[in-house]
A.B. asks: 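Handing you this structure, nothing more for now.
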Amino acid sequence: MTKQARYGIDDTPIFVIDQSRCIGCEACVQACEECGTHRGQSLIHLERVDRAQSTQTAPMVCMHCEDPTCANVCPADAIKQTEGGIVQSALKPRCIGCSNCVLACPFGVPKYVAEFDQMMKCDMCTDRTSEGYAPMCASVCPSEALWYGTAEEFKASRTGSLIDGWLFGRQHVRTKVFTVVDDLAGGPLDALAAPTRTWLDDPFGLEEAP
Amino acid sequence: MTRIPLTEEQLVERYGPHLNQAPPGGWDAGIEVDRVVETHCCFCGQQCGIKLKVHDDRVVGFEPWYDFPFNEGKLCPKGVKRYLQGSHPDRLLHPLERDESSSEGFRQVSWDDALDRVVSEIRRIQAAYGDDAFAMLSGVSLTNEKSYLVGKFARLALHTANLDYNGRYCMVSAGAGNKKALGADRAPNPWSDIPLADVVWVAGANVAETFPITTSYIWRARDRGARLIVQDPRVVPLARTADIFLPVRPGSDSALFGAVLHELIRNDWLDHEFIDAHTVDFDLAAAAVADMTPRWAADVCGVPAARIEEVAELWGTAATGMMLHARGIEQQTKGVDNVLAAINLGLATGKFGKPGCGVSTITGQGNGQGGREHGHKCDQLPGNRDITNPEHRRHVAEVWGCDESEIPGKGIPAQEIIEAIHDGTIKGLISICFNPAVSAPDSNFTAEALDRLEFYVAIDFFLSETGHHADIVLPGSLHEEDEGTSTTGEGRIVKINAAVSPPGEARLDWKILADIAERLGRGDRFRYDSTQDIFNELRRASAGGTADYKGATWERIVAEHGMFWPVPEEGHPGTPRLYEGGRFFHPDGKARFHGVAWRESAEAVDDEYPVWLTTGRVVSQYLSGTQTRRIAALVAQYPEPLCEMHPRLAESLGIADGDIVTVASRRGDITLPAKVVNTIRPDTVFIPYHWPGTKAANQLTNRAVDPISKMPEFKVAAVRVRKADGHTTTTDARDFELTDAGKPSA
Amino acid sequence: MAEANRLDRRGVVWGLIAVALVVALTFLGSDRLVWFDAALIGYLFGTIFAAFGVVYRYAVWLRRPPTAMLNRRGWDAFRRNKGRNLAALPSLAATQLLTQGFIRRRSRARWIAHQLVFWGCILAALVTFPLTLGLLHFESVGQQADRYQVYLSRVGTLSFDAGSIAGWTMFHALDIAAVLVLAGVFVFLRRRLNDPGALAVERGGDFLALAGLFAVSVTGLFLTVSSAWLEGQFYSALNTIHALTVILGLMYLPFGKLFHIFQRPGNLGVAYYRRENSVGAPAVCRRCGGEFASAQQIADLKAVLPEVGFDYTFATRVEGGEDGNYQDTCPRCRRASVTLAQSARVGGFG
């Protein structure tokens with residue numbers, strides 16, 4: 001299960017988010033604000049999906065879309081992509097705090113920080129990744145729901161297929177961040193798909209024969 | 001009398017918990033780093049590797065330690081924010097003496113005055129009431145070196161038999177069960193065995209919240225195709241992803257294990273060869289479960305019989321399998337029974353001593369493993385030696401340079417010490433890193449006891465709720481202020497490195513003990529030049545015992561990223577997996593099956609108290625919270641205890657989510673918000689225990705203890721739940737993010 | 001950037017209008033070039049170029065669909081309650097544009113640096129542009145050698161003694177501005193060099209802007225040094241270098257980081273838009289039924305998205321039902337939907 005501690009340019013490490021493995025511990029949330037590019041501001045999202053029903057939690061980093069909706073709806077032209085495809089936080093001098101990006105992002109990623117009157121978002125810890133280190137969240141994630149490494153390392157240690165395509169209604173979105181599915185045959189992940197039913201609908205067997 | 005000098009509120013106002021919000025210099029300052037120290041997290045038995053960033057003798061941040069093999073940089077939220085316990089406004093900087101006339105409850109005194117007072121009180125009490133009337137309570141947040149020294153200090157400097165430690169409230173049932181069945185008190189497996197298992201069975205362990213890093217090991221197994229079984233009264237986060245969920249009713253674990261053994265035998269899913277060659281007393285175990293059918297167990301445990309049968313087949317037919325258990329099955333009056341019944345399942349199917357096989361406890365406290373091996377357990381001497389065994393006593397006496405008769409006999413365990421304080425037979429107490437005011441069962445009783453001491457001296461870095469009762473408070477050292485070793489839940493000895501020096505007048509713990517010993521006239525046994533000196537003496541003291549550290553030098557521990565005991569000789573590679581080839585640690589090399597008959601917990605539900613209560617932890621808090629309740633980011637995650645209950649139970653009581661409810665047991669009551677969730681059994685409520693006073697879950701718990709391990713029953717009690725006045729919202733940042741847009745800025 | 005590929009005709013027109021205005025202002029303001037200082041002709045060309053560039057870029061920027069929408073909505077909002085909004089303008093402008101508390105809350109050091117540079121630049125601009133365009137000049141009063149009067153075009157205003165504090169300040173206004181800017185630049189640089197996080201998100205333009213400000217300020221100060229202490233040694237060479245840096249700086253204005261000076265006031269429009277929206281109807285999430293933003297802003301986004309090439313609509317499962325729009329989902333439910341969709345594809349843990 002050994003991964004590299006530090007990656008070179010030729011390793012082309014990838015970020016993988018497997019939300020299903022999240023245990024909701026918030027290590028990522030705590031570690032995010034320790035990142036040098038936005039110290040004191042945690043930019044990852046982690047929420048309970050519906051605590052009354054389950055302990056499932058929803059972690060969300062920026063998926064770094066190939067053609068980011070956030071940048072396209074920004075009136076100030078403040079959201080830029082790096083050559084490596086990282087969609088950066090709004091340029092501080094330009095962002096006028098309108099929140100268009102916050103509302104339009106299909107993944108619900110950018111945050112409007114009222115205190116600073118500007119948008120901030122996950123930049124995949126540019127200070128770390130530019131030096132070959134994993135982003136803070138993927139460094140600490142105890143369940144590896146957030147993971148950073150090479151595709152080969154992923155294949156060697158994990159099941160499931162990597163996928164980078166999403167459907168939001170008619171909109172197809174391709175992302176730099178990968179997620180995991182059992183089977184690629186199902187096509188892009190459909191955010192509007194109906195939920196499946198599992199034993200979790202009746203965890204205590206209240207409807208089951210004793 | 002050691003009544004608290006002011007009200008709790010006044011003491012909290014002065015001594016905290018206050019919240020450390022930000023690193024030294026604040027968040028918006030750039031971060032300057034003089035050096036980075038490789039060490040370990042102090043907040044649980046996994047002892048994850050972590051690097052601390054240091055500037056100007058202050059810890060200013062952390063960095064993942066990718067090269068440490070156990071966690072490869074991973075950390076839970078406590079680990080991430082652990083560095084904020086340093087540079088804390090509540091840090092004790094000077095010796096304090098209780099002073100009811102002071103507005104602060106304590107006055108600052110010199111070290112000389114404080115130590116003189118301590119020594120004169122020890123002498124007075126021991127002269128008046130006997131040596132054993134002065135007790136010591138210790139904690140396993142301490143390193144091996146400190147733990148060892150505490151054991152030696154209590155025996156040789158204090159001359160008291162009555163030394164025990166807070167592991168008594170943690171994993172002592174597992175230790176006792178392992179010793180009885182397998183011959184050694186250590187997890188049989190290194191964690192690298194978990195990914196090799198075809199079945200992983202997690203029993204009474206909320207892994208995701210109490211040992212988060214272990215989750216990744218379990219996923220590694222599942223990535224290989226392993227099936228996951230989770231046994232818990234709640235759908236804890238790991239259970240959500242389980243293949244089979246066993247929602248046991250609190251206190252019924254041994255019935256469930258019994259039914260599985262029953263099924264293994266009935267279907268002959270047994271490893272006869274293993275049983276014959278490497279075990280004894282299988283018949284006893286078999287006889288005990290003869291009537292424990294899945295149908296019977298279904299009634300007792302509240303788990304559908306089909307799920308029990310499915311689990312038996314899975315466990316019985318899998319080539320490899322690991323069971324991981326923790327406080328859920330151990331903190332019961334049947335804790336040892338439960339552990340023995342679990343081990344029976346491993347022995348019956350030959351799942352010991354080979355890759356991917358084992359029944360392993362997950363040690364809870366930071367140095368729970370190492371601490372208990374080296375001396376501050378009431379019945380043990382270093383190296384897991386037995387304090388009643390003459391040969392063991394002779395060995396240790398030789399290392400200590402004393403006469404064997406100088407070493408007192410077996411003392412009473414922690415809970416009995418508290419009872420003895422309550423009934424007046426113990427008059428004086430010294431404690432270090434132990435906060436029974438929060439962590440002991442029946443906290444109203446504990447508070448009464450703590451009021452009744454004639455003299456109490458506390459060594460700690462923050463003033464804990466127990467410390468409120470102290471006559472003298474001695475400022476000790478934080479984890480990052482001293483070096484040493486600790487031993488992880490895997491049995492891996494790791495090196496703790498000092499990042500900063502103790503602030504103000506605070507001192508290293510071992511130097512405080514040595515100072516007291518000096519003034520008691522026994523200083524000649526406590527003259528060390530360095531922490532490493534203590535470790536080297538520990539190595540000699542443990543040599544030949546089961547927990548044998550003889551060959552484990554600091555240098556090798558650092559170079560090899562930890563060493564697994566036993567390391568009986570220099571150059572020995574250490575022993576990651578115990579019982580290799582089925583050779584157990586009993587003199588005949590064989591493991592013991594135990595007949596585990598069914599019995600009910602000390603307290604069962606009835607008409608008056610019709611609901612089961614179980615207690616536990618949340619991921620953002622550690623034990624009694626002395627450290628973690630002082631870190632703002634962790635407090636924000638789960639600020640206050642909530643009472644989890646199923647909507648069916650809530651509905652029957654007219655309770656809605658967020659309603660304030662009163663939960664009462666025969667011992668006390670607590671009023672707190674209800675959290676109505678579908679993820680807990682309808683007959684059970686859950687309350688986390690990290691808070692003191694009126695927020696203490698332990699106001700409800702039962703002082704009844706396991707007959708063997710003396711572990712109190714934290715996990716099972718009978719309560720009644722009533723709606724009280726008031727309503728609050730139980731949502732936190734995880735339920736709703738306030739930073740979402742659309743709302744106008746202020 | 002697409003806008004950089006070929007010239008935008010409307011942008012050119014607006015730019016030329018701006019140029020015409022500058023020229024006209026110079027001509028009229030300098031009393032038909034009587035007071036125009038020919039030595040400053042380079043600066044004038046720089047100013048004209050900057051005016052064209054800034055206005056051109058601004059015009060192009062304003063026509064991007066989201067910008068146009070916000071621009072329209074901002075003015076709509078402003079007009080809807082003109083009296084109140086006008087009254088609120090001074091304090092809004094003061095806090096958002098002048099005192100910049102939003103930067104202070106982010107980092108005090110950054111705020112101090114920004115304030116120094118900001119006020120330094122304002123001061124410099126107030127002196128340089130009027131001088132360059134010939135709007136401002138000094139004349140000595142009668143026969144008094146060291147008494148001067150300030151003239152705006154041909155209107156004489158206050159007079160002062162060259163040796164007095166007011167006089168010293170007047171003649172050294174640019175030096176003061178340079179010192180302010182330099183102090184700010186140093187704080188910025190120190191922060192950037194000491195903070196690995198700031199360094200990592202550094203963009204080329206950030207350093208260029210700081211380098212430009214530094215060059216202009218230092219070369220300007222050298223002129224004073226030369227005349228005050230070196231008896232004018234190297235003055236003309238230094239003067240040329242200074243002029244060059246200023247002209248380059250002016251030409252950089254439309255392209256670089258400093259363009260935010262012109263964009264930032266858009267923040268006022270956002271403030272009005274927000275205020276208007278906060279009293280308007282809220283958007284209701286199609287998934288959880290909760291209110292999550294203003295209905296107006298969501299409607300505006302749904303209008304803008306197709307213009308920039310996105311289609312978040314979906315066919316409802318009800319027959320004959322109208323298309324739904326994913327944009328009617330609150331951000332929290334988006335994150336939950338994404339998680340649930342993914343979980344369903346890996347064994348369906350709920």
Side-chain angles (χ1 to χ4, degrees), chain A residues 18-20 35-39 45 47 49 53-54 56 58-60 69 72-77 88-89 93-94 96-100 102-108 115-118 123 126-127 130 160 166 168-171 179-183 186 189-193 195-196 198 200-201, chain C residues 61 64 66-67 69-71 96 102-103 105-106 195-201 203 257 260 263-264 266-267 269-270 273-274 292-293 297-298 301 304-305 308-314 323-327 330-350:
Chain A
D18 181 347
Q19 287 98 337
S20 70
C35 165
T37 63
H38 46 83
R39 252 181 125 219
H45 298 265
E47 293 139 311
V49 170
Q53 288 308 315
S54 104
Q56 181 164 26
M60 197 75 232
T69 305
N72 278 282
V73 298
C74 176
D77 202 11
Q88 294 187 310
S89 255
R94 286 200 195 174
I96 50 176
C98 73
S99 291
N100 268 2
V102 178
L103 296 170
C105 168
F107 299 99
E115 213 187 343
F116 308 157
D117 194 19
Q118 68 171 214
D123 63 358
T126 309
D127 60 333
S130 61
W166 289 84
F168 300 93
R170 296 185 173 95
Q171 183 61 46
T179 184
V180 186
V181 293
D182 283 344
D183 186 0
L189 283 152
D190 182 357
L192 295 168
T196 46
T198 68
L200 285 152
D201 294 335
Chain C
W61 174 60
R64 293 180 65 242
T67 321
M69 176 67 87
L70 193 69
N71 186 39
Q96 296 299 93
F102 60 96
I103 304 179
R105 288 187 287 273
R106 208 161 64 214
D195 184 344
L199 208 57
V201 291
R203 297 169 71 89
K257 182 174 185 166
H260 78 269
Q263 283 181 309
R264 189 71 207 175
N267 182 262
V270 171
Y273 183 49
R274 277 244 184 83
F292 71 99
Q297 192 170 4
I298 296 298
L301 272 174
V304 164
L305 277 164
V308 290
F310 289 87
D311 180 5
Y312 281 101
T313 61
F314 59 88
D323 273 2
N325 196 316
Y326 180 75
Q327 290 292 335
C330 73
R332 184 179 138 70
C333 281
R334 295 179 193 206
R335 300 190 285 269
S337 302
V338 161
T339 289
L340 290 170
Q342 190 269 340
S343 292
R345 292 278 294 274
V346 286
F349 322 122

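Per chain, numbering begins at 1; letters A, B, ... match sequence-line order. The figures that follow rest on heavy atoms only: side chains count, while hydrogens, waters and symmetry mates do not.
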A.B. asks: Whether the side chain of C/R345 engages the backbone of A/V180 through a donor-acceptor N/O pair (distance < 3.5 Å, no angle test) should be reported.
C.D. replies: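 Absent.
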A.B. asks: Checking the side chain of C/Q327 only, and the main-chain atoms of A/A104 only, is there a donor and an acceptor separated by less than 3.5 Å?
C.D. replies: yes
A.B. asks: With heavy-atom distances below 4.5 Å as the criterion, would you say the side chains of A/N100 and C/V304 are in contact?
C.D. replies: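 Counting from C-beta outward, A/N100 and C/V304 never come under 4.5 Å.
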A.B. asks: Chain A heavy atoms under 4.5 Å from C/Y326: which part of the residue, side chain, backbone, both or neither?
C.D. replies: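 The side chain, not the backbone.
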A.B. asks: So which part of A/T69 gets closer than 4.5 Å to some heavy atom of chain C, the side chain, the backbone, both or neither?
C.D. replies: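 Backbone plus side chain of A/T69, per the 4.5 Å heavy-atom cut-off to chain C.
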A.B. asks: Name the region of A/D201, side chain, backbone, both or neither, that has any atom closer than 4.5 Å to a heavy atom of chain C.
C.D. replies: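 Looking at A/D201, nothing touches chain C.
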A.B. asks: Side chain, backbone, both or neither: which part of A/C105 has a non-hydrogen atom closer than 4.5 Å to chain C?
C.D. replies: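 The backbone, not the side chain.
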A.B. asks: At a 4.5 Å cut-off on heavy atoms, which part of A/Q118 comes close to chain C: side chain, backbone, both, or neither?
C.D. replies: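 The answer is the side chain of A/Q118.
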A.B. asks: As an exercise, state the distance from SG of A/C98 to CD of C/Q297, rounded to the nearest 0.5 Å.
C.D. replies: 6.5 Å
A.B. asks: How close do A/V181 and C/V346 get, counting heavy atoms only, and between which atoms?
C.D. replies: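 Smallest heavy-atom distance, with atoms named: CA-CG1, 3.7 Å.
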A.B. asks: Answer with side chain, backbone, both or neither: which region of C/I103 has an atom nearer than 4.5 Å to a non-hydrogen atom of chain A?
C.D. replies: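 Neither part; nothing is under 4.5 Å.
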A.B. asks: Counting N and O atoms only, with roles assigned by atom type, does the side chain of C/R332 sit under 3.5 Å from a partner on the main chain of A/E47, one being a donor and the other an acceptor?
C.D. replies: no
A.B. asks: Let me know if A/D190 has heavy atoms under 4.5 Å from chain C in its side chain, its backbone, both or neither.
C.D. replies: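 Looking at A/D190, just its backbone touches chain C.
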A.B. asks: Mind ranking C/V308, C/V270, C/D311 by heavy-atom pairs under 4.5 Å with chain A and telling me who comes out on top?
C.D. replies: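 Ranked by heavy-atom pairs under 4.5 Å with chain A, first place is C/D311.
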A.B. asks: Going from CZ on C/F310 to CG on A/N72, what distance comes out if it is rounded to the nearest 0.5 angstrom?
C.D. replies: 4.0 Å
A.B. asks: Among C/N325, C/T313, C/L305, which residue has the highest count of heavy-atom pairs closer than 4.5 Å to chain A?
C.D. replies: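 Top count of heavy-atom pairs under 4.5 Å with chain A: C/T313.
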A.B. asks: Less than 4.5 Å apart, any side-chain heavy atom of A/Q19 and any of C/V338?
C.D. replies: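 Yes - at least one pair of side-chain heavy atoms lies under 4.5 Å apart.
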A.B. asks: Run A/R170 and C/D323 through side chain to side chain contact (heavy atoms under 4.5 Å, CB included) and show every step you take.
C.D. replies: CA-CA 11 Å; A/R170 296 185 173 95; C/D323 273 2; 2.8 Å; yes
A.B. asks: What verdict does the side chain to side chain donor-acceptor pair (under 3.5 Å) test give for C/T339 and A/Q56, after you've listed the backbone C-alpha separation in whole Å, the side-chain angles of each residue and the deciding distance to 0.1 Å?
C.D. replies: CA-CA 9 Å; C/T339 289; A/Q56 181 164 26; 5.8 Å; no
A.B. asks: Could you tell me which portion of A/Q88 (side chain, backbone, both or neither) has an atom closer than 4.5 angstrom to a non-hydrogen atom of chain C?
C.D. replies: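 Just its side chain gets close to chain C.
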A.B. asks: Between the side chains of A/D117 and C/Q96, is a donor N or O closer than 3.5 angstrom to an acceptor N or O?
C.D. replies: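 Looking only at side-chain atoms, C/Q96 and A/D117 do form a donor-acceptor pair, the distance falling under 3.5 Å.
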A.B. asks: With a 4.5 angstrom heavy-atom cut-off, which part of C/N71 approaches chain A: side chain, backbone, both or neither?
C.D. replies: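 Neither part; nothing is under 4.5 Å.
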A.B. asks: Looking at C/Q342 and A/S20, would you say the former's side chain and the latter's main chain have a donor-acceptor pair under 3.5 Å?
C.D. replies: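 Such a contact is found between C/Q342 side chain and A/S20 backbone.
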A.B. asks: Determine whether a donor-acceptor pair (N or O, by modelled atom type, separation under 3.5 Å) exists between the side chain of C/R335 and the backbone of A/G108.
C.D. replies: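 Checked: pair present.
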